[in-house]
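Below is one structure, written out as structure tokens; comments come after it.
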There are 2 protein chains.
Amino acid sequence: MVTLNDVAERANVSKMTVSRAINHPEQVRDELRTSIMQVMQELHYQPNAAARALVSRSTRVIKLTIFEDMDTTEPYYMMLLAGISNELNRHQYALQLATSNSYQVGECDGYILTGIRQKDYAWVEQLQQPVVFFGRNQQGYDYVDTDNYQALYESTRYAISRGYEHLVFVGIDVDEPFEYDRETGFRDAVTESGVSAQLVKLANHCHVATDYVQQHWAEFPKNTAFVCASDRLGIGIEDGITLNGGKVPDDYGVIGFDGVLLNQIASKRLTTMQQPLEVMGRAAAKLLLSNIQHPHERQDQEKIIIKSRLSTAESTR
Amino acid sequence: MVTLNDVAERANVSKMTVSRAINHPEQVRDELRTSIMQVMQELHYQPNAAARALVSRSTRVIKLTIFEDMDTTEPYYMMLLAGISNELNRHQYALQLATSNSYQVGECDGYILTGIRQKDYAWVEQLQQPVVFFGRNQQGYDYVDTDNYQALYESTRYAISRGYEHLVFVGIDVDEPFEYDRETGFRDAVTESGVSAQLVKLANHCHVATDYVQQHWAEFPKNTAFVCASDRLGIGIEDGITLNGGKVPDDYGVIGFDGVLLNQIASKRLTTMQQPLEVMGRAAAKLLLSNIQHPHERQDQEKIIIKSRLSTAESTR
DNA sequence: AACACTTTTGCAAGCGATTGCATAAATTTG
DNA sequence: CAAATTTATGCAATCGCTTGCAAAAGTGTT
């Protein structure tokens with residue numbers, strides 16, 4: 001292994017000068033610095049991260065902890081990963097992946113947390129490091145989230161504007177803030193417009209939504225639009241409608257939420273509120289890094305809320 | 001920060017004894033060890049990873065490097081991640097994520113590489129650490145892969161066994177071993193059966209496949225089955241058929257490959273060869289760890305080949 | 001009880017880098 | 001041009017832990 005000392009000897013300077021050439025270039029004579037850089041190249045010198053971390057107390061590692069069984073394999077997270085990873089790389093931080101139940105091995109400079117449910121907050125509190133949430137929380141932690149209220153409000157308004165007269169909100173059966181926000185967005189939109197509406201909460205799976213439509217088909221007059229809390233539900237609902245002989249989008253409309261399935265299935269063009277997950281990932285990474293670099297500058301909870309964008313397709317007229 | 005010394009003082013032993021209690025429990029008197037363990041608990045002692053790595057020359061970090069633009073957001077990788085992450089956690093290793101173009105920050109004990117193309121091998125060779133590939137390679141590196149030949153051979157045979165009389169292989173237009181294997185599996189199966197067949201290679205996107213069917217519709221007599229190199233292509237093909245008024249599965253069959261979209265879209269029940277990605281991820285992690293722990297035991301290239309499983313659904317009769 | 005063991009614990013050195021302080025060189029100033 | 005100041009480099013200590021060897025304690029044998 002090539003060490004600072006090796007470089008120093010070869011460059012005829014002390015290892016301190018080499019160290020400074022790397023970390024504080026302005027403190028080293030230009031000429032000398034370039035010659036040191038060259039030696040580093042020749043020797044393929046790579047600073048030892050462990051040694052650095054030991055003395056500087058900074059690992060340059062950020063952990064993304066996903067509080068959900070990873071075998072559910074949400075493609076959702078993949079886009080998040082892309083955003084986070086890109087941003088961290090720009091700042092020369094490494095991204096480490098962990099799940100809630102994973103053995104806590106290795107240290108890090110901060111955490112990005114996602115998929116957190118109420119029961120997990122105890123775990124979070126015991127963390128002694130900067131934390132940024134992906135998803136709203138009422139505990140005062142900084143977070144990045146999409147505007148769930150706006151998303152459902154807007155998609156509901158859109159459905160109404162397309163002439164659908166009966167609205168169904170198909171939510172997810174969890175007790176979490178994001179779900180309330182979505183529901184409230186829907187409620188406000190229908191109340192304002194005075195159209196008839198109903199709500200249901202289902203487990204977040206296609207077939208559950210399909211079954212629901214099958215079993216309650218009588219409740220849905222023509223001109224019903226289903227505003228869903230996820231694309232999965234949207235797709236399931238659409239199937240249910242088709243199986244009952246309903247015509248999408250002429251007689252029934254469907255709007256999803258997330259937008260993660262969009263690029264994958266060309267035919268299933270679901271109208272949906274698309275979350276800019278890559279952007280949100282970047283934002284979370286950026287916020288965390290800023291918290292790490294300026295530990296005391298911030299007093300209040302920082303909230304970065306990024307709007308979802310309506311992406312219209314063939315499941316609405 | 002709680003250090004070994006703190007624990008040692010509190011437990012009235014030297015820090016060496018504490019260290020041994022952790023790393024070589026059998027060398028410490030049972031009674032003493034349990035009392036040390038207790039002190040560690042009380043003080044919430046966590047060994048400093050950097051210090052450990054510095055002296056032991058092992059970081060307990062594995063890097064998964066994905067050689068593909070991550071913004072393509074293949075859900076494929078998510079399942080892989082799950083498998084790798086689970087296995088690494090069992091062995092108390094951390095998983096670090098990197099892309100080919102990401103700044104190489106931090107050290108690791110080994111690499112799992114996926115999405116590698118011919119042009120990337122130069123980068124790999126310069127690595128000075130154990131490497132396991134995800135996907136076949138002819139360079140002598142250990143790898144884990146699904147049996148691409150078997151997968152396409154089997155799905156083609158299946159299509160033939162269901163009575164389809166004209167076979168179309170819809171491949172991906174890349175120059176990689178895995179693609180040849182698939183093609184060869186298809187060729188062998190049709191040759192053996194003597195059915196008529198044709199091949200095409202397309203970019204791996206739904207709409208490309210849909211367009212292809214539209215433009216070549218005249219070439220496909222009734223009783224044609226499309227055997228595809230990915231689920232995306234399969235879904236695109238199916239759409240193309242439907243748009244042309246073809247009946248799936250009665251007059252046209254479609255078989256995909258991967259199985260990653262299966263659980264996501266209930267209605268689009270594509271018959272497909274399902275890769276057990278979680279298992280494959282585990283296998284890759286296990287193989288890498290064994291290479292790390294027994295550096296010289298192995299002479300030849302180790303190949304772990306895991307069969308895909310046919311999952312029949314509504315796109316074949 | 002004295003010897004040769006084996007088992008258990010402690011000491012000192014060092015992994016590769018960075019921090020604080022001291023020194024040397026270069027530059028400015030009166 | 002010597003003194004004061006700025007800029008550039010080097011020295012020593014240290015981060016928390018593990019390795020190699022030495023010392024101490026315990027065990028058994030004659």
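Order of the sequence lines sets the chain letters (A, B, ...), proteins ahead of strands, with each chain counted from 1.
- One interatomic measurement links the two molecules: CD of A:E107 to P of D:dG16, which rounds to 11 Å at whole-angstrom precision.
- Side chain of A:R136 to main chain of A:D145: no donor-acceptor pair is present (N/O by atom type, distance under 3.5 Å, no hydrogens or angles).
- Contact detail for A:E107 and B:N48: the closest heavy-atom pair is OE2-CA, 3.6 Å.
- Contact between A:A51 and B:L54 at its shortest, heavy atoms only, is CB-CD1, 3.7 Å.
- Sequence order on DNA chain C of the closest nucleotides to A:A51 and A:H24 puts A:A51 first from the 5' end.
- Applying the salt bridge (Lys or Arg N to Asp or Glu O under 4.0 Å) rule to B:E31 yields the partners B:R29; only residues at least two apart in sequence or on another chain are considered.
- As judged by a 4.0 angstrom heavy-atom cut-off over every strand, A:S56 is placed among residues making no nucleic acid contact.
- When each of A:I304, A:N291, A:N137 is tested with A:D142 by the rule side-chain contact (heavy atoms from CB on, under 4.5 Å), just one qualifies, namely A:N291.
- The distance between atom CD1 of B:I22 and atom C1' of C:dT9, rounded to the nearest whole Å, is 16 Å.
- Residue A:N48 contributes atom CG, which lies 12 Å from atom C1' of C:dT18 at whole-angstrom precision.
- Not one N or O on the side chain of B:D147 forms a donor-acceptor pair closer than 3.5 Å with the backbone of B:I305.
- With the nearest nucleotide of DNA chain D identified for both A:V28 and B:V2, A:V28 has the one nearer the 5' end.
- Atom pair B:R29:CZ and C:dT9:C1' shows a separation of 9 Å (rounding to whole Å applied).
- The shortest distance between the side-chain N/O atoms of A:N5 and the OP1/OP2 oxygens of C:dG16 is not below 4.0 Å.
- Under 4.0 angstrom from either OP1 or OP2 of C:dT18 there lies at least one side-chain N or O belonging to A:N23.
- In terms of phosphate contacts, B:R52 brings no side-chain nitrogen or oxygen within less than 4.0 Å of OP1 or OP2 of D:dC17.
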All N/O contacts under 3.5 Å from nucleotides 25-28 of chain C to the protein, with atom names and distances to one decimal?
none

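- Taking each heavy atom of A:P130 and A:I292 in turn, the nearest pair found is CG-CG1, 3.8 Å.
- Ring orientation note: the planes of B:Y121 and B:Y141 are close to parallel, at an angle under 30° on the 30°/60° scale.
- For A:L4, taking side-chain heavy atoms from C-beta onward, the closest of the listed nucleotides C:dG10, C:dA17, D:dT9 is C:dA17.
- A donor-acceptor distance shorter than 3.5 angstrom exists from the side chain of B:N23 to the backbone of B:S19, with no hydrogens or angles considered.
- Atoms CG (A:L54) and P (D:dA13) sit 18 Å apart, rounded to a whole Å.
- Near DNA chain C, meaning a heavy atom under 4.0 Å from it, residues 14-21 of chain B has B:S14, B:M16, B:T17, B:R20 in order of number.
- When the nucleotides C:dT9, D:dT9, D:dC17 are ranked by their closest atom to the side chain of A:L32, D:dT9 comes out on top.
- The side chain of A:R57 contributes no N or O atom lying less than 4.0 Å from OP1 or OP2 of D:dC15.
- A side-chain donor-acceptor contact under 3.5 Å links B:Q129 to the backbone of B:C108.
- The CD atom of B:Q27 sits 13 Å away from the P atom of D:dT18 (whole-angstrom rounding).
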